[in-house]
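These notes concern the structure reproduced below.
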Amino acid sequence: MFRLEDEEMLDEDRLGRFLALHAAEATFRYKPLMDAYMTEYPIFREPPKPKYKPDNRIAVNFAKYIVDTMNGFFIGIPIKLQCDDEKVANYVEFLDQYNDQDDNNAELAKICSIYGKGYEMYYVDQEGKIGITYLDPQEAFMIYDDSVLERPRYFVRTYVDSNNVLHGSVSDDEKVRYFIQKGKIQFLDEYETVHGFAGVPATEYRENAEEQGIFEPVMTMINAYNKAISEKANDVDYFADAYLKVLGTLLEEDDIKHIRDDRIINFDGDIEKVIVEFLQKPDGDTTQEHLIDRLERLIFQISMVADISDENFGTSSGIALKYKLQAMSNLAKTKERKFNSGMNRRYMLIFSNPVSGMLKDDWVKVKPIFTRNFPANVLEETQIAANLDGITSKRTQLGTLSIVDNVDDELKRIEDEEEESRNDPVMAQMFGGAANGQSDILEEPGDGAAET
């Protein structure tokens, strides 16, 4: 975490030191993590073996599998926003649609899983509307104060142009300043602008308190797995091309070519003195298989992400399936709390900008609803919902159904359908007539008893 004391301002010299520290972290930590996600593993950079030896380079991309599986489980079902204030709800819906926020949220969650953290930046675009974009830690960083509250002081975004010149911007709680690096850092004061947000217009989202990527703890095991399976492939090639040993007789060059091409060996004379067999090196197949199996099991166990492609996984259902996903669900809950904290800051900053037209405290009315992407058994869900009738509210009852994307919208549709049925003349006549007839029947015995 980059820190700067409250009484110190971010001048060119201090910014240069922060940029150097960030460049080192991006090179030695963040880049290897993204390389792993993109299937660029160290095994591809190892020195080549001699030409006469098999040299397979195989990489099993556990990093991508772990990230994408967790991301699909955590945010495969888009985040829903619940708000009782109709004006705020309409604005938030427009804001999310305008910025394609479902996709932004998914990409931001993936960035957090890879690097351990990610950033979201806010700005007012040329249309006069608030824009939201995501950034990864290789191109941005936050500078905090030195208090225990870790208040953001500056947000720095960088990029390199086609001439390999570093450009960037520095945002504080009032304005945005731009800089360029040509030998040294230079602020471009003529481009300084006021951003209009009540705070640094960016949010840091964290995967966890340690800012550790989801597959970072198992990187050594992934590299060991790639090495083991590559050597396994080398052994297969070796046994396929094993050398033929002929002892006890001298073969001419034409004989050797004939044996290799036609795969026929024929000798006359005393065959007891002639030995023909393949050279075999010691077989480590059992050891290799044990190592590969153990590494694969440990990779999923330590990363806490389920191997949903396992053939035994699909046979589980109900509570047994949830037990298999328990570790991943616990991991998702931690991430949900961190993501929820970031979204609170998102709407607090956006609502503080006059462009939004919202009151600055309206952000507390927006409540994110996360739905983990468990395999759905719709029949079981409908049975549970039916059993809740009369026990819970309609909102809670509908919330148990995964096929209902938005409970509020579904309640409104039910209300509209009921209103339409009441206003339908045919339905009104049918049910109205039945009701009147029932009323007349109930009154007749009473009248007769009174007359008697």
Side-chain angles (χ1 to χ4, degrees), residues 23-69 113-115 138 212-265 274-303 305 307 309-311:
E25 189 173 23
T27 301
F28 297 109
R29 184 185 173 208
Y30 295 140
K31 187 177 185 301
L33 293 175
M34 176 51 77
D35 286 345
Y37 183 80
M38 299 297 293
T39 326
E40 293 292 335
Y41 286 98
I43 193 169
F44 297 121
R45 298 188 292 273
E46 290 184 358
K49 292 185 177 182
K51 291 184 178 180
Y52 60 87
K53 288 187 175 182
D55 190 11
N56 291 287
R57 308 292 177 95
I58 300 174
V60 181
N61 200 347
F62 284 105
K64 181 176 174 60
Y65 183 91
I66 290 170
V67 169
D68 291 352
T69 300
S113 293
I114 295 172
Y115 299 106
Q138 292 196 79
Q212 191 174 48
I214 192 171
F215 63 84
E216 199 169 356
V218 297
M219 272 298 297
T220 55
M221 286 186 279
I222 295 175
N223 291 330
Y225 187 99
N226 292 338
K227 184 176 181 180
I229 201 166
S230 296
E231 291 299 333
K232 179 76 172 176
N234 290 339
D235 287 348
V236 171
D237 286 352
Y238 172 82
F239 285 113
D241 295 329
Y243 286 94
L244 181 68
K245 176 176 68 175
V246 180
L247 302 178
T249 185
L250 183 63
L251 300 178
E252 300 293 335
E253 186 174 345
D254 291 341
D255 295 332
I256 296 173
K257 182 178 179 182
H258 171 71
I259 292 171
R260 184 183 66 236
D261 294 343
D262 297 337
R263 299 183 182 277
I264 297 175
I265 301 175
V274 179
I275 300 175
V276 181
E277 61 185 17
F278 283 100
L279 287 174
Q280 300 284 348
K281 73 173 184 176
D283 182 8
D285 183 71
T286 303
T287 303
Q288 288 173 334
E289 287 298 324
H290 280 318
L291 176 61
I292 289 172
D293 290 343
R294 178 167 295 184
L295 285 172
E296 183 173 349
R297 187 167 59 252
L298 284 173
I299 286 171
F300 288 109
Q301 181 179 340
I302 301 303
S303 67
V305 174
D307 181 10
S309 63
D310 189 333
E311 59 184 8

TODO: Could you walk me through whether D55 and R57 pass salt bridge (Lys or Arg N to Asp or Glu O under 4.0 Å), step by step?
DONE: CA-CA 7 Å; D55 190 11; R57 308 292 177 95; 2.9 Å; yes
Open item on the list: Using side chain to side chain contact (heavy atoms under 4.5 Å, CB included), reason through R297 and D307 one step at a time and then give a plain yes or no.
Closed with: CA-CA 9 Å; R297 187 167 59 252; D307 181 10; over 6 Å; no
- [ ] Apply side chain to side chain contact (heavy atoms under 4.5 Å, CB included) to the pair N234 and K49, showing each step before the final yes or no.
- [x] CA-CA 11 Å; N234 290 339; K49 292 185 177 182; 3.4 Å; yes
- [ ] Give the C-alpha distance, both sets of side-chain angles, the deciding distance and a yes or no for side chain to side chain contact (heavy atoms under 4.5 Å, CB included) between R294 and H290.
- [x] CA-CA 6 Å; R294 178 167 295 184; H290 280 318; over 6 Å; no
TODO: List the steps, then state whether side chain to side chain donor-acceptor pair (under 3.5 Å) holds for Y115 with Q138.
DONE: CA-CA 9 Å; Y115 299 106; Q138 292 196 79; 2.9 Å; yes
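Within the 3.5 Å criterion, the main-chain N or O of G213 finds a donor-acceptor partner in the side chain of E216. A donor-acceptor pair under 3.5 Å is formed between the side chain of S230 and the backbone N or O of I58. Looking at Y41, its side chain does come within 3.5 Å of a backbone N or O of A36 through a donor-acceptor pair. Of the possible polar contacts, one joining the N61 side chain to the Y37 backbone as a donor-acceptor pair under 3.5 Å is found.
Going from atom CD1 of I66 over to atom CD1 of I222 covers 5.0 Å, rounded to the nearest 0.5 Å. In this structure, M221 CE and S303 OG are separated by 8.0 Å, a value rounded to the nearest 0.5 Å. Atoms CG and CG, from N56 and D235 in turn, are 10.0 Å apart once rounded to the nearest 0.5 Å. With values rounded to the nearest 0.5 angstrom, K31 atom NZ is found 11.0 Å from L33 atom CG.
In this structure, F62 and F215 have side chains that are not in contact, with every pair of non-hydrogen atoms separated by 4.5 Å or more. At a threshold of 4.5 Å between non-hydrogen side-chain atoms, the residues F300 and V218 do not count as touching. For the pair N223/K227, no side-chain contact is recorded, criterion being any heavy-atom separation below 4.5 Å from C-beta on.
Nearest approach of N226 to A59, heavy atoms of both residues: OD1-CA, 3.5 Å.
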